[in-house]
Amino acid sequence: MQTKAKTKKQKNHGAAYDIWRSLRSNKVAVVSMVIIGIFVLISILADVLFDYETQVIAQDIMNDLQSPSKEHWFGTDSLGRDYFARMLYATRITLIISFSSVFIATALSIVIGGISAYFGGIVDTIIMRILDVFLAVPSTLLIICIVVALGNETVYIILALVVYLLPSLVRTVRSELMINMENEYVEAARSVGAGPFRIMLIHLLPNSFGAIMVRCTMSFALCILSTACIGYLGIGVRAPAPEWGRMLSEAQEYMRLHPYLITIPGFFIMIASTAFNLLGDALQDAMDPRLRGYRKMKKKVFARRKK
Amino acid sequence: MKKTMLETVDLVKYFDTKNGIVHAVDHVNLSIPEGETLGVVGESGCGKSTLGRCILNLIPATSGQILFDGKNILERGGKSKDFRQKMQIIFQDPYSSLDPRQTVFNLIAEPLKTNRMGTKAEMREKVEAIMDTVGLAPRLATAYPHELDGGRRQRIGVARALVMDPKFVVCDEPVSALDVSIQAQILNLMMDVQEERGITYMFITHDLSVVKHISHAIAVMYLGEVVELAPKEELFAHPRHPYTKALLSAVPIPDPARRTMERQLIKGEVTSPVDPAPGCRFAPRCPYATPECLSPSLGMTEVGPNHQIRCCHPLD
């Protein structure tokens with residue numbers, strides 16, 4: 001049984017504490033969080049460790065294509081720029097783009113999906129048909145079109161990614177809300193006088209949060225991949241700014257002699273997208289109070305069986 | 001003579017569907033005196049839950065009046081918050097009617113929060129008091145509903161309904177999802193609360209033994225209509241409507257000696273509530289039916305003190 005102190009602790013921390021506790025006991029989640037944490041740290045420290053003008057984009061042709069050494073941990077690229085500094089800056093740029101796109105797209109999708117689910121009928125039909133138009137265009141093509149049409153400023157890349165993410169996010173939000181609206185607790189809330197805003201914010205959104213969060217983290221992975229993709233095609237973040245995809249394509253020429261130039265950005269892309277996907281999965285388990293503690297229980301049962 | 005707490009006058013709820021109009025609640029006239037319990041029984045789909053939801057204005061009624069404490073609540077349209085504090089509902093399924101992401105405390109406090117009743121400290125006090133009343137231990141305040149069994153969950157449902165200090169509570173099959181032993185606990189709890197606070201109940205159920213336990217008067221519904229309305233003892237002792245008689249004879253009797261007793265069973269299926277034929281809706285299944293049963297002028301007739309039926313061939 002629960003001790004009094006424990007009960008108090010839970011009271012202070014609320015639901016967020018429970019989610020955190022559950023995440024902490026999940027090894028995959030911890031590893032993903034550590035990796036994402038490192039990426040975030042890199043993005044913050046990039047500015048402190050290296051000077052953008054002199055160390056990241058300044059060319060030094062005399063020192064091109066050096067192998068990794070004490071001065072240049074990842075060697076230098078074909079223009080003699082320190083590859084390590086460029087990797088750190090690239091991480092920062094990718095994370096900023098991904099985070100902004102996911103944040104804006106999620107906020108918009110909650111509003112649009114909420115309107116669509118709550119009002120239904122003709123409003124819902126109009127919104128969904130408009131989004132269908134975007135879904136009908138192949139996603140990569142859609143991003144390329146927007147970036148080519150508007151220019152490859154960071155803002156437009158973010159806009160392109162938001163447009164790309166929005167249809168699937170809105171659909172997720174809408175369907176989750178609609179499923180939860182069927183639940184009797186919505187009627188129960190209405191019977192005690194709760195208005196549409198309260199039902200939406202207190203009951204529907206928290207119950208749909210798991211699915212939305214999972215979509216969000218997966219969207220993060222999609223953003224990272226899409227940014228790299230358009231970077232690789234040469235229409236992404238504008239040169240000379242470093243970007244994973246662009247670095248991949250630039251390193252392609254020197255793949256035989258300097259394989260680390262292509263391996264390192266590839267590895268970063270893979271690790272980052274995998275970490276976000278796995279964290280999304282773990283979050284889903286942690287958010288659902290019914291699944292909370294399930295893993296521990298499973299462990300206990302297995303331990304007992306072994307005995 | 002006790003004053004009437006709730007009265008419905010020609011309450012009608014029709015659902016417009018592709019196949020026609022479903023007569024879910026058809027000209028229902030009921031009245032419940034203060035502090036008493038009216039049991040509403042009938043088989044699945046006879047409109048008893050719809051009736052309960054109409055009375056609480058959770059589904060807008062098609063026509064008719066609902067007089068709560070003498071005032072027609074349907075007149076006020078959307079401005080329903082003030083009477084909603086006095087009228088509450090206990091739901092059938094304690095599993096789906098509680099938001100899984102709210103703690104027990106938040107669930108019980110929700111009616112107070114939505115109606116902005118008092119400060120945080122006052123709310124906490126009220127919730128703690130009501131948890132004590134319904135027999136929930138204070139340590140459960142931080143628990144989530146999935147951690148509790150059905151009986152405790154339904155106690156939360158009862159607490160939610162009672163925390164606003166209502167005058168009238170619709171109980172929509174509140175015990176049919178529970179074990180028999182826990183059913184008794186919840187029923188006794190509800191009766192205790194009624195005695196203490198003088199609450200009026202409308203108790204919707206299909207379980208006649210439950211209704212016998214808790215009700216003062218009983219209304220039997222068939223396909224959206226009330227077919228018999230009588231005080232409890234009278235109804236169980238002298239059912240006058242053939243449908244009521246058949247219902248009563250279908251109740252299992254826990255007595256092996258009476259195992260061989262003849263049962264009067266109804267034949268056939270429930271006819272459709274979509275655009276029903278005029279006259280008695282039970283006529284197609286009724287063993288006593290005659291052509292005059294289909295005359296459209298059939299209404300409720302008084303056959304005894306407070307005893308009304310809708311039938312042209314009342315039983316003796």
Side-chain angles (χ1 to χ4, degrees), chain A residues 1-19 21-22 176-177 179-213 284-294 297, chain B residues 49 52-53 55-59 78-103 105-117 124 137-147 156-157 160-161 163-164 166 169-170 172 177:
Chain A
M1 284 293 105
Q2 284 179 334
T3 59
K4 219 174 182 181
K6 207 176 170 189
T7 323
K8 253 186 193 166
K9 207 174 181 187
Q10 275 180 335
K11 252 180 218 164
N12 292 339
H13 292 81
Y17 177 77
D18 288 344
I19 293 168
R21 213 175 38 165
S22 159
E176 273 303 306
L177 291 181
I179 291 167
N180 284 324
M181 261 157 70
E182 291 298 308
N183 278 320
E184 210 172 25
Y185 60 74
V186 174
E187 196 179 20
R190 211 176 296 142
S191 77
V192 298
F197 278 103
R198 190 186 162 82
I199 289 174
M200 202 48 119
L201 289 177
I202 306 284
H203 298 291
L204 290 177
L205 277 179
N207 275 294
S208 318
F209 207 55
I212 298 174
M213 255 350 247
Q284 187 177 29
D285 293 356
M287 296 258 186
D288 194 336
R290 281 162 296 191
L291 288 178
R292 228 173 256 163
Y294 169 70
M297 217 166 65
Chain B
S49 284
R53 281 164 169 73
I55 288 176
L56 287 181
N57 212 3
L58 286 174
I59 321 177
K79 288 202 166 186
S80 50
K81 263 198 173 174
D82 30 328
F83 82 80
R84 206 152 259 177
Q85 295 175 14
K86 302 271 183 248
M87 295 167 85
Q88 292 291 325
I89 181 168
I90 300 172
F91 287 92
Q92 172 179 14
D93 184 356
Y95 292 85
S96 70
S97 65
L98 300 175
D99 185 343
R101 274 175 213 276
Q102 302 281 320
T103 59
F105 179 86
N106 282 335
L107 283 167
I108 299 176
E110 183 172 33
L112 299 173
K113 284 182 187 164
T114 54
N115 295 292
R116 295 198 188 80
M117 304 260 288
R124 177 160 289 273
R139 72 181 159 82
L140 295 177
T142 52
Y144 288 92
H146 72 273
E147 298 167 350
I156 300 173
R160 263 172 78 92
V163 75
M164 299 288 293
V169 178
V170 171
D172 186 6

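Considering only residues two or more places apart in sequence or on other chains, A:S191 meets the side chain to side chain contact (heavy atoms under 4.5 Å, CB included) condition with B:L58, B:I89, B:F91.
Judged by distance alone, with hydrogens and angles left aside, the side-chain atoms of B:T114 form a donor-acceptor pair with the main-chain N or O of A:V192 at under 3.5 Å.
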Can I get a per-line list of side-chain donor-acceptor pairs under 3.5 Å for residues 194-203 of chain A, giving both atom names and the distance, sequence neighbours left out?
| from | atom 1 | to | atom 2 | distance (Å) |
| --- | --- | --- | --- | --- |
| A:R198 | NE | B:E110 | OE2 | 3.3 |
| A:H203 | ND1 | B:D99 | OD2 | 2.6 |
| A:H203 | NE2 | B:E110 | OE1 | 3.4 |
| A:H203 | NE2 | B:E110 | OE2 | 2.3 |

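When heavy atoms are compared at a cutoff of 4.5 Å, B:N106 does not approach chain A at all. At a 4.5 Å heavy-atom cutoff, the contact between B:Q102 and chain A is made by side-chain atoms alone.
Atoms CD1 and CZ, on B:I59 and A:R190 in that order, are 10.0 Å from each other to the nearest 0.5 Å. Taking CZ of B:R101 as the start and OH of A:Y185 as the end, the distance is 8.0 Å to the nearest 0.5 Å.
Of all heavy-atom pairs between B:S97 and A:E184, the closest is CB-OE1, 3.6 Å.
Between chain A and the residues B:L98, B:L56, B:V163, B:L107, the largest count of heavy-atom pairs under 4.5 Å involves B:L98.
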